[in-house]
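Please read the structure below before turning to the comments.
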Amino acid sequence: MAAAAAAAAWVRAVFLAAVAASAAEALGLDVHHRYSATVREWAGHRAPPRGTPGYYAALAGHDGLRRRSLASAARGGEVAFADGNDTYRLNDFGFLHYAVVSLGTPNVTFLVALDTGSDLFWVPCDCIKCAPLVSPNYGNLKFDVYSPQKSSTSRKVPCSSNLCDEQSACQSASNSCPYNIEYLSDNTSSSGVLVEDLLYLITEYGQPKVVTAPITFGCGQVQTGSFLGSAAPNGLLGLGMDSKSVPSLLASEGVAANSFSMCFGEDGHGRINFGDTGSSDQQETPLNIYKQNPYYNISITGAMVGSKSINAKFSAIVDSGTSFTALSDPMYTEITSSFNSQVQDKPTQLDSSLPFEFCYTVRYFHL
């Protein structure tokens, strides 16, 4: 096993050292749910059995911490992360979807959460206060940290950069740009300075080629709240609509079109691809663009509960960091009341600690 791992690492190192490909190709990576069988076998994680009240309570518990006030280029082929386009949904790390990315020279690997609800990509770096590198909660995983001094391709992002949002905290335009992001999830935040380094990607079609893309990200020196262990302990990759998000930065560098796709399977395993522009015959849902709330916002025109149609129009945020759909009134009451009136099983309360208003004792029929 050790020899095989060493050989694989050697092949990967040689592969990553290949000449970078043309920017006209696209890149991708796989995504896995933290509860998936793949990740449980790979990382040794323990999770509540799928389908049990504990399983869904754990998902809802994460959403409660995660829920934020979200409501208040060039065209190329598809690319993925060089370490693979797999994504994983991990239950021990906040029920988020994760992918493996490599940064710097020599490259350092990180297991980062994928977040469509935020923009900046950050990783633990020159840590003052970060999640531990090794923990019983991680199973057999050991995390890395990034250090600009250890990468020959690292560059500081000065306060004069158009990506610097904290210029008021700068003493001079040549200073490193600081960042501080507060996530409205259990007093969770990340702060540090912005840096630029190489992100390793791979073309998705034809002969695979390694593509190195300069990327601006956060050198996360101080993390608080959920980032200290229960969610995104090894970094977070922003997929939002702002110019600092990874898809936007890849487009500005001419690496891939300013678009991406994510697919999630029932087992928690999925894929992510950058530069995926879809097919000409596919159906599309338009986004609502609000400058004050630049999130992936779509319009809901109604709902069907059983045979009953409910007419209600409202907008909703699409957020990869949330497990359950959350509805406000009057839509929530209309849907739940309609469902409760049609269901044949009896309502029950299994446990007062469960965060659900409607639970049912389901009858099973054996053939």
Side-chain angles (χ1 to χ4, degrees), residues 1-2 5-6 8-9 12-13 16 29 31-35 38-47 62 65 81-84 86-115 118 120-154 179-181 183 185-195 197-200 215 217-238 321:
M1 180 66 72
R12 178 169 165 270
L16 289 177
L29 57 117
V31 181
H32 295 271
H33 189 293
R34 78 188 274 178
Y35 273 179
T38 301
V39 172
R40 281 184 290 180
E41 180 179 354
W42 165 56
H45 294 303
R46 295 183 178 180
H62 160 259
L65 296 176
F81 297 131
D83 293 273
D86 282 346
T87 63
Y88 310 84
R89 190 149 198 268
L90 304 177
N91 59 330
D92 289 335
F93 302 151
F95 296 88
L96 302 174
H97 293 274
Y98 290 80
V100 178
V101 302
S102 290
L103 290 168
T105 308
N107 64 295
V108 182
T109 300
F110 300 89
L111 180 68
V112 297
L114 305 174
D115 187 14
S118 66
L120 184 67
F121 170 27
W122 62 265
V123 296
C125 165
D126 287 348
C127 287
I128 299 173
K129 185 179 181 182
C130 299
L133 299 181
V134 181
S135 168
N137 295 331
Y138 306 159
N140 60 0
L141 295 178
K142 182 180 184 299
F143 292 142
D144 267 317
V145 296
Y146 175 86
S147 177
Q149 290 73 29
K150 295 181 179 180
S151 173
S152 62
T153 50
S154 179
Y179 83 88
N180 180 54
I181 302 178
Y183 300 83
S185 302
D186 195 30
N187 300 314
T188 296
S189 68
S190 177
S191 61
V193 296
L194 297 184
V195 297
D197 210 333
L198 297 180
L199 174 68
Y200 293 85
I215 202 84
F217 59 97
C219 170
Q221 299 165 325
V222 177
Q223 275 66 251
T224 65
S226 297
F227 291 150
L228 292 179
S230 63
N234 202 215
L236 183 144
L237 191 133

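We number each residue from 1, following the sequence as shown.
Within the model, atoms SG of C127 and CD of Q221 stand 8.5 Å from one another, a figure rounded to the nearest 0.5 Å. For the atom pair L111 CG and K142 NZ, the distance stands at 14.0 Å (nearest 0.5 Å). To the nearest 0.5 Å, atom OG of residue S190 and atom NZ of residue K129 are 12.0 Å apart.
Each of L237, L194, L236 was scored for a side chain to side chain contact (heavy atoms under 4.5 Å, CB included) with L120, with one residue passing: L194. The only member of L133, N234, V123 that meets side chain to side chain contact (heavy atoms under 4.5 Å, CB included) when paired with V145 is L133.
Residues F143 and P233 share a closest heavy-atom pair of CE1-CG, 3.6 Å. Between G235 and P124, the closest heavy-atom pair is N-CD, 3.9 Å. Heavy-atom minimum distance, C130 versus L228: C-CD2, 3.8 Å.
Using modelled atom types, no side-chain atom of N180 and backbone atom of S191 make a donor-acceptor pair closer than 3.5 Å. Side-chain atoms of T188 never come within 3.5 Å of backbone atoms of F227 as a donor-acceptor pair (strictly under, hydrogens ignored). A donor-acceptor pair under 3.5 Å is absent between the side-chain atoms of S135 and the main chain of G229, judged by distance alone.
Contact of the C125 side chain with the S147 side chain is not registered, since no non-hydrogen atoms from C-beta on lie closer than 4.5 Å. At a threshold of 4.5 Å between non-hydrogen side-chain atoms, the residues V112 and F121 count as touching. Within the 4.5 Å cutoff, side-chain heavy atoms of L199 are placed close to those of V101. Side chains of L103 and I215 form a contact here, defined as non-hydrogen atoms less than 4.5 Å apart. Two residues are said to be in side-chain contact when any heavy atoms from C-beta on lie closer than 4.5 Å; T109 and D83 meet this criterion.
Residues that satisfy the side chain to side chain contact (heavy atoms under 4.5 Å, CB included) test with T105, not counting sequence neighbours, are S151, S152, T153, L198, Y200.
In this pair, Y146 and F217 present their aromatic rings perpendicular. The plane angle is above 60°, beyond the 30 to 60° band.
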I'd like to know whether Q149 forms a side-chain contact (heavy atoms from CB on, under 4.5 Å) with D126, so could you lay out the CA-CA distance, the side-chain angles of the two residues, the decisive distance to 0.1 Å, and finally the verdict.
CA-CA 9 Å; Q149 290 73 29; D126 287 348; 3.2 Å; yes
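Side chains of S226 and Y183: no donor on one and acceptor on the other come within 3.5 Å.
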